[in-house]
Amino acid sequence: MTSVTALSKGTFTEPWLVALDIDGTTMHEDGSISQAVIDEVVRLAAAGHEVMLATGRSAAAALPVLDRLGITPRYVVCSNGAITMHRDASAPMGYRREWVETFNPSDVLTSIRAHLGSARFAVEDEHGFYRYTEPIPDATIGMDSERVDFDELLKHQATRVVVISPDHDMEDFLHVVERMGLNRVSYAIGWTAWLDIAPDGVNKSTAMERVRVSIGVPRERVMAVGDGRNDIDMLQWAAEFGRGVAMGESPDDVLAAGSEITGNVAVDGLATVLRTL
């Protein structure tokens, strides 16, 4: 594992594809983005690198972050890879849905409910609309949402299912999830008792590989930076031939997934690694 601070700044004549997680990587817990990060993102974009976001957030919650960063990338990966947005000046907010992956959430929802009776559930559909059983204490799902009964969640194709279990601590929650044996879906565990479930085989790395092929950047010139368990696949994908960078405060399994470690978000670790391009 390489420390980012030990790398010397290189000069690249060819563009890189740079995928950035939002929360805990680009953005602080209080919702702020440091000027140092903004400056480095703008610098790289101006130099011709393709700097984009790859997030668990819905499109509605992710796209406003582009304005704060001052960039307009060709693609934005949302909902942990289930939705990829493509820049389109004629579309609302300047982006349209290019690739959408869905699944029937009925089986997984009923199975999880049997194990976690007090859990809170939310389902995102292909249009980015969220239906939830109880308020989700997070700003990442966007405003386009509606509170419904649990049975209503079973009626709609999903791009993402969110499960929160406030009654469990993290270790207990991990054990419960392991016992479930979630087959035919992909899932990632968050920092707390938070579970993201996506269509089978879909994650940030599958979406980023599709973007990479579309843009035509070789695997050797990809960089991904993230801090959460939903970033593990993306970091491994980037690290195989390029650079997978884990934020310093990441869980151990996230740190192990990358090929480099930078500082945490509080010390602008993202800005540190972007300065090496």
Side-chain angles (χ1 to χ4, degrees), residues 2 4 7 10-23 25-26 37 40-59 62-63 65-66 69 71-88 91 94-102 159-160 186 188 196 198-247 254 257-260 262 270 273-277:
T2 303
V4 166
L7 295 172
T11 300
F12 302 101
T13 57
E14 300 293 337
W16 280 61
L17 173 60
V18 182
L20 307 178
D21 171 54
I22 295 178
D23 298 284
T25 300
T26 302
V37 166
E40 287 304 312
V41 167
V42 170
R43 179 185 67 82
L44 290 181
H49 300 293
E50 187 69 14
V51 184
M52 60 176 288
L53 300 175
T55 179
R57 289 185 174 215
S58 67
L63 294 178
V65 180
L66 297 177
L69 291 173
I71 57 174
T72 54
R74 275 177 274 183
Y75 295 99
V76 180
V77 169
C78 305
S79 304
N80 289 316
I83 295 178
T84 301
M85 307 296 289
H86 188 284
R87 189 175 63 220
D88 182 345
Y95 284 82
R96 57 176 167 78
R97 285 168 175 75
E98 180 78 353
W99 297 300
V100 179
E101 306 276 2
T102 64
T159 57
R160 177 190 185 199
S186 298
D196 268 320
D200 188 28
V202 173
N203 54 60
K204 290 185 182 184
S205 75
T206 59
M208 283 305 307
E209 176 61 13
R210 184 179 274 170
V211 168
R212 184 196 68 79
V213 171
S214 178
I215 291 176
V217 172
R219 289 286 301 275
E220 293 77 14
R221 292 204 305 275
V222 300
M223 174 192 283
V225 190
D227 73 310
R229 290 187 170 93
N230 62 333
D231 295 311
I232 287 176
D233 293 292
M234 181 174 70
L235 293 179
Q236 290 173 334
W237 165 80
E240 185 175 3
F241 297 101
R243 301 176 63 181
V245 185
M247 300 292 287
V254 179
S259 54
E260 305 171 32
T262 189
L270 177 57
V273 70
L274 294 183
R275 290 189 189 105
T276 67
L277 283 182

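Just so it is clear, the model here is predicted, and its values are computed rather than measured.
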For the residue pair Phe241 and Ser259, establish whether any side-chain heavy-atom pair is separated by less than 4.5 Å. no
Between Ala62 and Leu53, the two heavy atoms sitting closest are O-CD1, 3.9 Å
Val254 and Ile232: side chain to side chain contact (heavy atoms under 4.5 Å, CB included), yes or no, with the steps? CA-CA 6 Å; Val254 179; Ile232 287 176; 3.9 Å; yes
With side-chain contact (heavy atoms from CB on, under 4.5 Å) as the test, pick out the partner of Leu17 among Arg221, Met52, Met223. Met52
Do you know which two heavy atoms are closest between Thr102 and Val100, and how far apart they sit? CG2-CG1, 3.9 Å
Yes or no on side chain to side chain contact (heavy atoms under 4.5 Å, CB included) for Trp237 and Val222, after CA distance, side-chain angles and deciding distance? CA-CA 9 Å; Trp237 165 80; Val222 300; 3.9 Å; yes
Calculate, to the nearest 0.5 Å, the distance between atoms SG and CE belonging to Cys78 and Met85 respectively. 6.0 Å
Spacing of Arg243 atom CZ and Glu220 atom CD [to the nearest 0.5 Å]: 14.0 Å
With sequence neighbours left out, what residues match Tyr75 under ring pair (Phe, Tyr, Trp, His ring centres under 6.0 Å)? His86, Trp99
Please examine the side chains of Leu274 and His49, heavy atoms only from C-beta on, and report whether any two atoms are closer than 4.5 Å. no
Begin from the C-alpha positions of Arg57 and Val65 and carry the test side chain to side chain contact (heavy atoms under 4.5 Å, CB included) through to its verdict. CA-CA 11 Å; Arg57 289 185 174 215; Val65 180; 4.1 Å; yes
Just verifying a value: how many Å separate Asn203 CG and Met208 CE, rounded to the nearest 0.5 Å? 11.5 Å
In short, Ala257 meets Ala239 closest at the heavy-atom pair O-CB, 4.1 Å
Quick one: pull up OG1 in Thr206 and CG in Asp233 and give me the separation to the nearest 0.5 Å. 8.0 Å
Atom pair CG (Leu69) and OG1 (Thr72), whose distance is rounded to the nearest 0.5 Å: 11.5 Å
Least distance between heavy atoms, Ile71 atom then Val51 atom: CD1-O, 3.5 Å
Report the distance from atom NZ of Lys204 to atom OG1 of Thr55, rounding to the nearest 0.5 Å. 5.5 Å
Closest heavy-atom pair, Val217 versus Arg212, reported as atoms and distance to 0.1 Å, is O-NH1, 2.8 Å
Checking side-chain contact (heavy atoms from CB on, under 4.5 Å) against Leu270, which of Val225, Val245, Thr262, Asp21 comes through? Val225
Going by an N to O cut-off under 4.0 Å, is there a salt bridge joining Arg160 and Asp196? yes
